Amino acid sequence: MAEAEATPVAHHLVVVGAGFAGLQLVRDLKGAGLRITLIDQRNHHLFQPLLYQVATTILATSEIAWPIRRLFRERADVTTLLAEVAGVDTERRQVLLEDGSAIGYDTLVLATGARHSYFGRDEWAALAPGLKTLEDATTIRRRMLLAFEQAERETDPEKRRALLTFAVIGAGPTGVELAGIIAELAKQILWQEFRHIDTRDARILLIEAGPRILAAFPETLSDYARAALQKLGVEVLLGRAVSEISAEGVTIGEEFVGCRTVVWAAGVAASPAAAWLGIPADRAGRASVDASLNAPGRPEIFVIGDTAAVATADGKPVPGIAPAAKQQGAYVARVIRARLAGAPPPAPFRYRHQGNLATIGKSAAVVDFGWLHLRGWIAWWFWGVIHIFFLIGARSRVAVAWSWFWTFISGQHSARLITQGQKGRDAGP
Ligand SMILES: Cc1cc2nc3c(=O)[nH]c(=O)nc-3n(C[C@H](O)[C@H](O)[C@H](O)COP(=O)(O)OP(=O)(O)OC[C@H]3O[C@@H](n4cnc5c(N)ncnc54)[C@H](O)[C@@H]3O)c2cc1C
């Protein structure tokens, strides 16, 4: 009897992280003949650019997140695992999971993103949640709505004032977007619904240590955004760093401001991918990779997206934004395909910047393409169309477009639910 021919075992690619970078990579490797294991600590891919709209009651969580398993239901080559990675054994070529188990790989791609950095003051995390996950967004939504509810019942004027003061720390796009919508909520939407407080008296502070908001944008656009925020009733504090945060309020330089809702939008740090691999990292903890996005001396390991430190052609670091992460995912897919085919590798990774966008409230935005600057409602429409386009699937596109249309014509937000209990602060004191 002839000996059965051995079935060749497909090359095993392990991808950690189903964010923008990991998802793009796996999509672009369709039909490449690999066996792919996609690991994420969450069961969903999240469209982070619209998270602030969940935090500020415009969108529901399911409108901006999709189960990863479902996204690859038709890809027999992809196995999705819900698990937290805790390390990498580069000698044994194994990914180490938090539960003590290990998964072997032939090629590994780490696309584990970034998280908040409190600049060494980690105790602030419980007092001033950042915005990175759906849980963060619903926590911020809950604290903000509870503050209005508690203010309605509060008889002490000073405590009521603190409940009606909202501080957003950090004036990059996320801080600007949060402050604008919180101001609209307080000053244009909620005021008719309360009997003992006037929500239009609420103070919304946007606190920035640097000299201007939206530092990555041209000065004319950041000036426009500051004026637009002030028109909405946001107090923009520039050149003022927060020195302390407590359950009672924030200290800005030497000045204490009583305040019960604080949101952190000031700093990010990469995931510990560099530490897992034992390779150099930049100041934000991002793993230094070579021009092919490989870990130094490890051609079988790639690091991509927010957790990688890569330089642009002019030597500047590639920004931590979604298009950069997607471009890196697409690039590594090309490298892997070339290797499998025994073809020469593609030219080194080159980042193409497509522009910066940020909204201010529900009808103004700023858009910077470098060669063209847009602001006001034209920019807002442009921003809206782009974001709808990049959502996954027709259902989400229709749902988000409808929510925005409804918010626009009715002046109401439809996701104003307090969940996880109706009393007190959740994780905070
Ligand atoms: C609030 C907010 C607003 C933003 N707005 C914009 C915007 O308007 N425009 C823009 O271009 N960019 C924006 N960004 C940045 C953009 O979202 C990121 O640059 C992009 O998500 C980076 O993609 P990534 O794949 O590297 O990481 P992520 O998308 O963060 O994905 C990382 C994935 O890895 C998983 N993971 C992490 N650690 C582990 C682990 N140990 N084990 C298993 N899985 C793990 C995570 O669960 C996650 O799914 C925003 C970011 C935030 C937080």
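For reference, positions follow the sequence shown, starting with 1. Just so you know, ligand 1 is whichever comes first in the structure, and atom 1 is the first atom listed for that ligand. The model shown is predicted, which means the values in this text are computed figures rather than measured ones. Any value given below was found using the heavy atoms of this structure, including those in side chains, with hydrogens, waters and symmetry copies removed.
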Task: L51 side chain reached by I64 side chain, heavy atoms, under 4.5 Å - done: yes

Task: Close aromatic pair by centroid cut-off 6.0 Å: H353 and Y351 - done: yes

Open item on the list: Please list, in number order, the atoms of ligand 1 under 4.0 Å from a heavy atom of G320.
Closed with: 15 (C), 19 (O)

Task: Identity and distance of the protein heavy atom lying nearest atom 32 (C) of ligand 1 - done: A111 O, 3.4 Å

Task: Which segment of A324 sits under 4.0 Å of ligand 1 when only heavy atoms are counted - done: neither

- [ ] Heavy-atom contacts with E84 under 4.0 Å: which atoms of ligand 1 show up? List them by number with element.
- [x] 41 (N), 42 (N)

Task: Crowding at CZ, R200 (>12 non-hydrogen neighbours, <6.0 Å) - done: yes

TODO: Considering heavy atoms of the protein only, find what lies nearest to atom 26 (O) of ligand 1 and give residue, atom and distance to 0.1 Å.
DONE: D306 N, 2.8 Å

Task: Residue, atom name and distance, where the atom is the protein heavy atom closest to atom 28 (P) of ligand 1 - done: Q48 NE2, 3.7 Å

Task: atom 12 (N) of ligand 1: nearest protein contact (heavy atom, Å) - done: A322 N, 3.3 Å

Open item on the list: Taking side-chain contact (heavy atoms from CB on, under 4.5 Å) as the criterion, tell me which of V234, T165, V236, I169 meets it with L205.
Closed with: T165

Open item on the list: Can you tell whether the side chains of R42 and E135 come within less than 4.0 Å, N to carboxylate O?
Closed with: yes

Task: Atom indices of ligand 1, in the order listed, that fall short of 4.0 Å to a heavy atom of P323 - done: 11 (O)

Open item on the list: Can you confirm whether more than 12 heavy atoms, excluding those of F119, are under 6.0 Å from its CZ atom?
Closed with: yes

Task: D40 N/O under 3.5 Å from ligand 1 N/O - done: yes

- [ ] Would you mind running through ligand 1 and noting each atom that sits below 4.0 Å from a heavy atom of G305?
- [x] 26 (O)

Task: Protein residue, atom and distance nearest to atom 13 (C) of ligand 1, heavy-atom basis - done: P49 CG, 3.9 Å

Task: Salt bridge R121-E244, side-chain N to carboxylate O under 4.0 Å - done: yes

Task: Shortest protein heavy-atom distance from atom 34 (O) of ligand 1, along with the residue and atom involved - done: G17 CA, 3.3 Å

Open item on the list: Using a plain distance cutoff, I'd like to know if L357 has any nitrogen or oxygen under 3.5 Å from a nitrogen or oxygen of ligand 1.
Closed with: no

Open item on the list: Would F20 count as being in polar contact with ligand 1, using the rule that some N or O on each side must be under 3.5 angstrom apart?
Closed with: yes

Task: Any F390 heavy atom less than 4.0 Å to ligand 1 - done: no

Task: 4.0 Å heavy-atom contact, A358 with ligand 1 - done: no

Task: Salt bridge present between K132 and D136 (N-O < 4.0 angstrom) - done: no

Task: R203/E235 ion pair, N-O < 4.0 Å - done: yes

Open item on the list: Applying salt bridge (charged side-chain N to carboxylate O under 4.0 Å, His left out) to R240 and E255, what does each step give before you reach the verdict?
Closed with: CA-CA 10 Å; R240 311 269 306 272; E255 184 195 353; 2.7 Å; yes

Open item on the list: To check your reading of the model: name the closest protein heavy atom to atom 43 (C) of ligand 1, its residue, and the distance in Å.
Closed with: Q41 N, 3.2 Å

TODO: Can you sort out which atoms of ligand 1 are near T174, meaning under 4.0 Å from one of its heavy atoms?
DONE: 1 (C), 2 (C), 3 (C)

Task: Aromatic plane relationship, W371 with F369 - under 30° parallel, 30 to 60° tilted, over 60° perpendicular - done: parallel

TODO: Please report which non-hydrogen protein atom sits nearest to atom 27 (O) of ligand 1, along with the residue it belongs to and the distance in Å to one decimal place.
DONE: G113 CA, 3.4 Å

TODO: Would you check whether A21 has a nitrogen or oxygen atom less than 3.5 angstrom from a nitrogen or oxygen atom of ligand 1?
DONE: yes

Open item on the list: So that I can tick it off, tell me whether R93 and E91 are bridged by a salt bridge, with the cut-off set at under 4.0 angstrom between side-chain N and carboxylate O.
Closed with: no

